[in-house]
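Encoded as structure tokens, the structure appears first; notes follow it.
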Amino acid sequence: MKKGLLALSPLMVFITLYLVTSIIARDFYTVPITVAFMATSIYAIGITRGKLRRRINIFSRGAGSPEMMLMLWIFILAGAFANSAKVMGSIDATVNLTLSLLPSQMLLAGLFLAACFISLSIGTSVGTIVALTPIAAGVAMQTGTSVPMLTAIVVGGSFFGDNLSFISDTTIIATQTQGCQPSDKFLVNSFIVVPAAIIILFIYIFMGMGIEAPTQIGEVEFWKVIPYIVVLATAIFGMNVMSVLTLGIVLTGIIGIANGSYDIYGWFQAMGNGIIGMGELIIITLLAGGLLEVIKHNGGIDFIIFRLTRRIHGKRGAELSIAALVSMVNVCTANNTVAIITVGGIARKIGERYQLDPRKCASLLDTFSCFTQGLIPYGAQMLMAAGLAAINPVSIIPHLYYPFAIGIAALAAILLRYPKRYS
């Protein structure tokens, strides 16, 4: 018992250092999460027995494992693609295209669809919120609709793509930690969350009757949306994620240079800035990989699996334990990506012990982390949306139908053993 708690104490140190100091400062972004991971990693190495060189080697083995290196490659390619597409104007073009396709008298449903499509295309909830929240707030003012409600529609729709997109960091980490392909996880995830999205869509159709969509929309430049469409299509058809992202990068270069968005040096600069933008996530991934390897070496992983699963008598209980674990860590870290990085290895061990399908494990990790992240008022997405709409983040929560819906859908998928093929 004492040995197990000592082995797990680095996780407690991390949560205390990050959560408690953030609460004291009343700001979850005062303490850089990289500093919290660094301090925790030093502590973990310090409590491990053996020569210092050997302890550092254990940490380095986890940080530099083949799975971690593959994940970093994907982050680098995703950063290069996302920023080169952004600089080319693809996000604005995608926003204009989706708004131009909004059916009349279906503002709420159309705004939800726009957020879903954009987030699925660009793979980031924050990027979608930044692009659509000012539009949603402006439309709310023009139509006399509730600003918190329209903001919540954007936030909810943004988590649709954060959860499902092939280039979302949560998808990348969930699939890599569970050892499955993004296309397989997408299929399982779709069975769980798409019905929830359809139900919410019909609710918004009913609620939005009588509210007209905006008519003043920027020019639609379809060719700038092509990289997103190609990336989405090739990923759905099962192409390797690194090949998908490389193809997307090449397309942004060809289209961006051809239409004068940038020259070849501007393209290089955009890719470079995108890679640099992934720096914090890469550092967190390396530190988390090393930290978890030390915890595993000290017996912490086996201890937590034993404590979590000692009263579990089947796959349903094992899946519930994974859902509870990632949700609790997400509440403590206010970051769904970090939550999956932190518990991904533990979830895989639980899955192997109870012979869970890794595709469903990856789906549950991603869905429950997005469900939790979508509801905490101190998460980056809620703070960003509230800031752009000039409202209190707490006022958005009652209108967050989609995050609630995917939480219920994911819980039902566990309790009802759905989808059958992956349960």
Side-chain angles (χ1 to χ4, degrees), residues 18 28-39 41 60 63-65 67-94 118-119 121-131 158 161-162 165-173 176 224 227-228 231 241-257 261-291 333-341 379-381 383-384 387-388:
Y18 185 67
F28 270 77
Y29 299 92
T30 297
V31 180
I33 198 164
T34 47
V35 174
F37 264 113
M38 180 193 70
S41 298
S60 301
S65 67
E67 293 79 13
M68 287 294 172
M69 290 299 103
L70 178 60
M71 206 182 297
L72 299 190
W73 262 113
I74 295 172
F75 287 153
I76 289 168
L77 291 172
F81 168 70
N83 199 59
S84 56
K86 177 184 177 182
V87 172
M88 188 179 75
S90 293
I91 292 179
D92 292 338
T94 305
I118 292 170
S119 60
S121 300
I122 67 177
T124 167
S125 51
V126 173
T128 304
I129 288 168
V130 169
S158 73
D162 197 326
S165 176
F166 290 89
I167 61 173
S168 165
D169 49 8
T170 56
T171 292
I172 293 167
I173 295 165
Q176 291 301 310
K224 292 185 177 181
Y228 289 147
V231 163
V241 65
M242 295 181 72
S243 301
V244 167
L245 292 171
T246 302
L247 177 61
I249 291 169
V250 171
L251 281 175
T252 60
I254 293 172
I255 296 171
I257 293 171
S261 296
Y262 39 55
D263 56 19
I264 190 167
Y265 299 109
W267 180 42
F268 290 163
Q269 191 73 36
M271 286 191 289
N273 290 336
I275 294 169
I276 292 171
M278 286 287 183
E280 183 178 54
L281 184 55
I282 289 171
I283 292 168
I284 290 170
T285 303
L286 289 170
L287 291 174
L291 178 63
T333 62
N335 188 310
N336 52 340
T337 303
V338 173
I340 297 173
I341 290 173
Q381 292 85 351
L383 293 174
M384 180 71 71
L388 291 170

query: What pairs with Leu247 under side chain to side chain contact (heavy atoms under 4.5 Å, CB included), at least two apart in sequence or on another chain?
result: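 Leu247 satisfies side chain to side chain contact (heavy atoms under 4.5 Å, CB included) with Val230, Thr234, Leu251 once adjacent residues are dropped.
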query: Regarding Ser84 and Thr252, is there a side-chain donor-to-acceptor distance under 3.5 Å anywhere?
result: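 Present: a donor and an acceptor within the cut-off.
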message: If only side-chain N and O atoms count, and only distance matters, is there a donor-acceptor pair under 3.5 Å linking Asp169 with Thr337?
response: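 A pair is found: one side chain offers a donor N or O, the other an acceptor, under 3.5 Å apart.
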[atom1]/[X] to [atom2]/[Y] distance, rounded to the nearest 0.5 angstrom?
{"X": "Ile340", "Y": "Ile172", "atom1": "CD1", "atom2": "CD1", "answer": "11.0 Å"}
{"X": "Ile264", "Y": "Ile257", "atom1": "CD1", "atom2": "CD1", "answer": "5.0 Å"}
{"X": "Met271", "Y": "Ile249", "atom1": "CE", "atom2": "CD1", "answer": "6.5 Å"}
{"X": "Ile122", "Y": "Ser158", "atom1": "CD1", "atom2": "OG", "answer": "9.0 Å"}
{"X": "Ile341", "Y": "Leu287", "atom1": "CD1", "atom2": "CG", "answer": "10.0 Å"}
{"X": "Gln176", "Y": "Ser65", "atom1": "CD", "atom2": "OG", "answer": "10.0 Å"}

query: Which pair of heavy atoms, one from Ile167 and one from Ser121, lies closest together, and at what distance?
result: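 Looking at all heavy atoms of both residues, the closest pair is CD1-O, 3.6 Å.
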task: Looking only at non-hydrogen atoms, find the nearest pair between Ala80 and Ile275 and report the distance.
output: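 For Ala80 versus Ile275, the nearest heavy atoms are CB-CG1, 4.0 Å.
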For [X] and [Y], indicate whether the former's side chain and the latter's backbone hold a donor-acceptor pair under 3.5 Å.
{"X": "Ser90", "Y": "Lys86", "result": "no"}
{"X": "Thr171", "Y": "Ser165", "result": "yes"}
{"X": "Ser119", "Y": "Ser125", "result": "no"}

Does the side chain of [Y] come within less than 4.5 Å of [X]'s, by heavy atoms?
{"X": "Ile284", "Y": "Glu280", "value": "yes"}
{"X": "Tyr228", "Y": "Phe81", "value": "yes"}
{"X": "Ile255", "Y": "Met88", "value": "yes"}

- request: Might you work through the side chain to side chain contact (heavy atoms under 4.5 Å, CB included) test for Asn273 and Gln269, ending with a clear yes or no?
  value: CA-CA 6 Å; Asn273 290 336; Gln269 191 73 36; 3.8 Å; yes
task: Evaluate side chain to side chain donor-acceptor pair (under 3.5 Å) for Ser168 paired with Asp162, printing each intermediate quantity in order.
output: CA-CA 6 Å; Ser168 165; Asp162 197 326; 3.3 Å; yes
task: Given side chain to side chain contact (heavy atoms under 4.5 Å, CB included), test Leu286 with Leu72 step by step and report yes or no.
output: CA-CA 9 Å; Leu286 289 170; Leu72 299 190; 3.5 Å; yes
message: Could you walk me through whether Met242 and Leu77 satisfy the side chain to side chain contact (heavy atoms under 4.5 Å, CB included) test, starting with their C-alpha distance in whole Å, then the side-chain angles of each, then the deciding distance to 0.1 Å, before giving a yes or no?
response: CA-CA 7 Å; Met242 295 181 72; Leu77 291 172; 4.0 Å; yes
Evaluation steps, side chain to side chain contact (heavy atoms under 4.5 Å, CB included), between Phe166 and Val231: CA-CA 8 Å; Phe166 290 89; Val231 163; 5.7 Å; no
